[in-house]
Amino acid sequence: MAGKTTDSVRGHSTVTSVQKPGFLERLSDTAGGMLVGLLSFTLSFYLLFTNEGRAVQTALSLEEGLSLVVPIPNIHVVDFKNEANLVHVSGALRTAKPLYDPNYGISIHCVKLKRQVEMYQWVEYEDSKEYEENGEVKKETRYTYNTEWKSEVVSSRHFDREIAHRNPSAMAVESFTAVATDVQVGEYFLSKGLVDQIDNFKQKILSQIGNPHADVTTEGDYFYHSANPKNPEVGDLRISFWYAGVALGGSPSGTVDIVSVIGQQRGGQLVPYKTKSGDMLGILHMGSHTAEEMFHREQQSNNMKTWALRAAGWLLMFVGINLMTRILYTLVDWFPIVRDLVNLGLKMFAVCVATSFSLLTVSVGWLFYRPLFSVVLASVAVGIIVLARTQIPAKKYQ
């Protein structure tokens, strides 16, 4: 392998070259790709099948929850008649005391307070392209560098040119998130799993707050550890604060956050409810919603997740088939016209097989829950294969 480097004002380029691989080398690489393709093909079945099982289980759990849920109109008194029942409450958030960051003098009556620290650092970008020249395969990689605010330390040790682009190895101030210990809706305390679902973070306005320390400057909505915030240097820090779940008594804008919760009543606490299907049902939505609206939104979310994982499973299967059949392309890649035709045929084959096998896997997942739906999917899957075969012209013998 040979290489050379060229520099410019905005970055530099590195060119490496290797001899164009011969037929046996390409065949060997293709054989390795076949193993990866087989693994991808196998994993796709697992992903598709388990996704259908998860979708069915979640759907049944939501149907069960909707049939059992008991609305509680008065949240200011714990009704012990609903002990162990699945209940629905809606109201303003309450916390025992505000969350406080003593280092910067920030205090907010909320469920979560997040301090986000960013450091001004060098960031390396690379753009590569390959081309053939004089019987060699050459790869040209262009490196450029820019300074940006990043919330995580960017290691410059692996830069192509660390000289003049060196970043500090750590931040002097760390990010953290504080969470209120006792969170209530009326007289009902929320379990940790329900509190974790409160994530409507908003940025705290700092422009009207003075500098908390002599070495800290307030600029806009940030605290800066910088001699000149408008012209920062590598290693400078800026800190922002974010809050979620504004509670009674401490709203910056005079309003509090309303939440709607579905969970099992256990004493004066709401905890996840275990359904017959095995799911733990604990739902929290921001805003005021009826139980029916909440379950409807959860069903929609389940459908979206199911289709997203189906698409991922199909893509995994398509890639796997492509890699496993790549050897046929390698055998004819010396002849351009045949190579292009074979490549097109292999792509069409992968699409048909991936679609058919994906539908068959999905149909098996629904066989015991919705047999008719399962049979329809299986019929479509077989129909795709039959349709593909009918497009192949019959052999003629002379």
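All residue numbers in this chain count up from 1 along the given sequence.
Annotation: side chain of T181 is not in contact with side chain of T95 (no heavy-atom distance under 4.5 Å). Here the side chains of R157 and E162 are in contact, with some heavy-atom distance below 4.5 Å. Here the side chains of D79 and K81 are in contact, with some heavy-atom distance below 4.5 Å. Contact annotation: the side chain of L38 approaches that of M324 to within less than 4.5 Å [non-hydrogen atoms, C-beta and beyond]. Side-chain contact check for L93 versus I198: some heavy-atom pair is nearer than 4.5 Å. Residues V362 and F357 form no side-chain contact, since every pair of their non-hydrogen atoms from C-beta on lies 4.5 Å or further apart. Within the 4.5 Å cutoff, the side chain of Y188 has heavy atoms near those of the V78 side chain. Annotation: side chain of R115 is in contact with side chain of I239 (closest heavy-atom distance under 4.5 Å).
Taking the charged nitrogens against the carboxylate oxygens, E292 and R297 have no contact shorter than 4.0 Å, which rules out a salt bridge.
Counting only distance, with no hydrogens or angles, the side chain of S356 and the backbone of V353 share no donor-acceptor pair below 3.5 Å. With hydrogens and angles disregarded, no donor-acceptor distance shorter than 3.5 Å links the side chain of T58 to the backbone of A55. Side-chain N or O atoms of E118 include none that pairs as donor or acceptor with a backbone N or O of K150 at under 3.5 Å. Although no hydrogens or angles enter the test, the distance criterion places a donor-acceptor pair under 3.5 Å between the side chain of D101 and the main chain of N103. Under a 3.5 Å cut-off, the side chain of S175 and the backbone N or O of V117 do form a donor-acceptor pair.
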Could you please spell out the steps behind the side-chain contact (heavy atoms from CB on, under 4.5 Å) verdict for E187 and R94? CA-CA 9 Å; E187 290 300 315; R94 292 175 54 196; 3.2 Å; yes

Go through the steps to decide whether D236 and W149 satisfy the test side-chain contact (heavy atoms from CB on, under 4.5 Å), and finish with yes or no. CA-CA 9 Å; D236 287 352; W149 292 104; 4.3 Å; yes

Run the ring pair (Phe, Tyr, Trp, His ring centres under 6.0 Å) check on F159 and Y145 step by step: do they pass? CA-CA 10 Å; F159 285 177; Y145 299 88; 5.8 Å; yes

Does H158 form a side-chain contact (heavy atoms from CB on, under 4.5 Å) with E124? I'd like the steps, not just the answer. CA-CA 9 Å; H158 305 292; E124 180 185 75; over 6 Å; no

Between Y243 and K112, is the side-chain contact (heavy atoms from CB on, under 4.5 Å) condition met? List the steps. CA-CA 6 Å; Y243 59 93; K112 296 178 183 178; over 6 Å; no

Decide yes or no on side-chain hydrogen bond (donor to acceptor under 3.5 Å, both in side chains) for W314 and T355, but give the supporting numbers first. CA-CA 7 Å; W314 180 90; T355 302; 3.0 Å; yes

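Residues Y125 and E148 share a closest heavy-atom pair of OH-OE2, 2.5 Å. The two residues A178 and L99 come nearest to each other via the heavy atoms O-CD1, 3.5 Å. Closest approach of S260 and S90 over heavy atoms only: OG-OG, 3.1 Å. Pairing each heavy atom of C110 with each of A180, the nearest pair is O-CB, 4.0 Å. A pairwise comparison of heavy atoms in N322 and A350 identifies OD1-CB, 4.1 Å as the closest pair. Closest of all the heavy-atom pairs between V153 and S169 is CG1-O, 3.8 Å.
M317 and L360 fall within the same hydrophobic cluster, where Ile, Leu, Val, Met, Phe, Trp and Tyr residues are linked whenever their side-chain heavy atoms come under 4.5 Å apart, directly or through other members. A continuous path of ILVMFWY side-chain contacts below 4.5 Å connects F80 to V261, so both sit in one hydrophobic cluster. Cluster annotation: L323 is connected to L315 through the hydrophobic network of ILVMFWY side chains, with a link wherever side-chain heavy atoms come within less than 4.5 Å. Hydrophobic cluster membership is shared by L86 and L66, with clusters built from Ile, Leu, Val, Met, Phe, Trp and Tyr side chains linked at under 4.5 angstrom. The hydrophobic clustering, which links ILVMFWY residues whose side-chain heavy atoms are closer than 4.5 Å, places M286 and V256 apart.
Evaluated for a side chain to side chain contact (heavy atoms under 4.5 Å, CB included) with V259, the options V183, V185, V111 yield exactly one hit, V185.
For the pair R238 and Y222, the distance from NZ or CZ to the six-membered ring centre is under 6.0 Å and the angle to the ring normal is within 45 degrees. Cation-pi contact between K114 and F201: present, with separation from the ring centre below 6.0 Å and deviation from the ring axis of at most 45°.
Annotation: side-chain contact (heavy atoms from CB on, under 4.5 Å) contacts of V234 (sequence neighbours excluded): W122, T147, N167, P168. Qualifying side chain to side chain donor-acceptor pair (under 3.5 Å) partners for T306, counting only residues two or more places apart in sequence or in other chains: R54. With sequence neighbours excluded, no residue forms a side chain to side chain donor-acceptor pair (under 3.5 Å) with E152. By the side chain to side chain donor-acceptor pair (under 3.5 Å) test, E298 pairs with H285, sequence neighbours left out.
One finds the OG atom of S40 at 12.5 Å from the CG atom of L35 (value rounded to the nearest 0.5 Å). A distance of 11.5 Å separates OG in S301 from NE2 in H296, rounded to the nearest 0.5 Å. Between the CH2 atom of W307 and the CG atom of N51 there is a distance of 10.5 Å, given to the nearest 0.5 Å. Between the CZ atom of R161 and the OG atom of S156 there is a distance of 14.5 Å, given to the nearest 0.5 Å. Atoms OG and CD1, from S240 and I205 in turn, are 13.0 Å apart once rounded to the nearest 0.5 Å. Once rounded to the nearest 0.5 Å, the distance linking OG1 of T290 with CD1 of I262 reads 8.5 Å.
Here V77 sits alone; no ILVMFWY side chain lies under 4.5 Å from its own, so it joins no hydrophobic cluster.
Surrounding CD of Q300 are more than 12 heavy atoms belonging to other residues, nucleotides or ligands, all under 6.0 Å away. More than 12 heavy atoms of other residues, nucleotides or ligands sit less than 6.0 Å from atom OH of Y100.
Residue pairs meeting the side-chain hydrogen bond (donor to acceptor under 3.5 Å, both in side chains) criterion with at least one partner in residues 262-283, sequence neighbours excluded, are Q57-D279, S61-T275, S61-D279.
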